[in-house]
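Notes to accompany the following structure.
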Amino acid sequence: MESPFKADILKGKVALVTGGGSGIGYEISLQLGKHGASVAIMGRRKHVLDSAVAALHSHGIPAIGLHGDVRKEDDAARTVESTFKHFGRLDILVNAAAGNFLVPAEDLSPNGFRTVIDIDTIGTFRMCREALKYLKKGGPGKDPSTGGAIINISAILQFGASWYQIHASAAKAAVDSITRSLALEWGEDHDIRVNGIAPGAIEDTAGVVKLAPEEMISKVKQKPLSKFGEKWDIAMAALYLASEAGKFVNGTNLVVDGGQWLSKPRFLLKDDVKQLSRREEIRSRVAPTGLPKSKL
Ligand code: COA
């Protein structure tokens, strides 16, 4: 799909995207690049990174791949430094690296829980912390009058409770909290805007393959508010938040899910509810319940 944004809205900017080799992270990298940014992508799988960088180059996007794991302090520091060394500045950090799997809470080991917290939550904080000195207003290579932007990829599963994802729910709830805390502190102190994006079910992603097996998909697709989104939808939200279009947006978690998280089972059909509601109204007037009158 064609972007509704002008092609130069990120001209001269440099973005670092963790988990940028595939899925939502790759699509964000591609769209940031198509709108003028140079892009560094970080990931654990070298061959995935290599083909993602080649694909970005084929679109004429200046891009590098940086092999690393957000769970490792040294990798986080080296990735940020390499991005700066290669492109001379850093304006946008997108934390898209994440881990998840379906498991009943009683079968999850503390180490399994910790692993997801380490990738999603601490990994996000680790990357933000390493990137701070480059993102802040007056940071090396930056325009002295403005700071950069951070986008944390969140989720919708933690808004309520989700089956078999206690670890990821806790991890993403903490990511949302990090988004707000950094938006407050770094917005005020360093002119850095920190926002989140909460994607719903997005087709062709590891999330859907791992978390919504075929057996679930046919059921989900029947509900109008639960249709699948595209990676493009998330990338457009990222463009909005990263560009001047979002210059007054700080600390929000932009839900991009087609209304999915609001979805609840419909117990009554629309036509039935009209009749039932009227019938109960009339019945209560004709035959009062007999309850004692309120003294209020
Ligand atoms: N069910 C239950 N426990 C699981 C599990 C599963 N499906 N997968 C991993 N674990 C547990 C392991 O048993 C281990 O705990 P233990 O030491 O107590 O046995 C712990 O999690 C770490 O597993 P390991 O395979 O060593 O971790 P890893 O670093 O190789 O992989 C994951 C990290 C588990 C998060 C892996 O799923 C991953 O790499 N995910 C990235 C991609 C992804 O999930 N994308 C979807 C995003 S929505």
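Positions are given from 1 along the sequence. Values below: every heavy atom of this structure, side chains too, minus hydrogens, waters and symmetry copies. When a ligand or atom number is given, it counts from 1 through the structure's own listing order.
- At a cut-off of 3.5 Å, with distance as the only test, no side-chain donor of Ser243 or His35 sits close to an acceptor on the other residue.
- Looking only at atom types and distance, the side chain of Glu81 has a donor-acceptor partner in the side chain of Tyr134 under 3.5 Å away.
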Distances only, to 0.1 Å: what are the N or O pairs between ligand 1 and the protein that fall under 3.5 Å?
{"unit_1": "ligand 1", "atom_1": "15 (O)", "unit_2": "Ser109", "atom_2": "OG", "d": "3.3"}
{"unit_1": "ligand 1", "atom_1": "17 (O)", "unit_2": "Asn111", "atom_2": "ND2", "d": "2.8"}
{"unit_1": "ligand 1", "atom_1": "18 (O)", "unit_2": "Ser109", "atom_2": "OG", "d": "2.5"}
{"unit_1": "ligand 1", "atom_1": "29 (O)", "unit_2": "Arg71", "atom_2": "NH1", "d": "2.9"}
{"unit_1": "ligand 1", "atom_1": "29 (O)", "unit_2": "Arg71", "atom_2": "NH2", "d": "3.0"}
{"unit_1": "ligand 1", "atom_1": "37 (O)", "unit_2": "Lys210", "atom_2": "NZ", "d": "2.9"}
{"unit_1": "ligand 1", "atom_1": "39 (O)", "unit_2": "Arg44", "atom_2": "NH2", "d": "2.5"}
{"unit_1": "ligand 1", "atom_1": "44 (O)", "unit_2": "Asn100", "atom_2": "N", "d": "3.0"}
{"unit_1": "ligand 1", "atom_1": "44 (O)", "unit_2": "Asn100", "atom_2": "O", "d": "3.3"}
{"unit_1": "ligand 1", "atom_1": "44 (O)", "unit_2": "Lys210", "atom_2": "NZ", "d": "2.8"}

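- A side chain to side chain donor-acceptor pair (under 3.5 Å) check over residues 140-153, counting only residues at least two apart or in different chains, returns the pairs Asp91-Lys142, Asn95-Asn152, Asp143-Ser145, Asn152-Thr179.
- Each of Ile150, Val175, Leu182 was evaluated against Thr124; a single residue qualifies, Val175, per the side chain to side chain contact (heavy atoms under 4.5 Å, CB included) test.
- Residues satisfying the salt bridge (charged side-chain N to carboxylate O under 4.0 Å, His left out) test with Asp189, not counting sequence neighbours, are none.
- In this structure Asp176 satisfies the salt bridge (charged side-chain N to carboxylate O under 4.0 Å, His left out) test with no other residue, sequence neighbours excluded.
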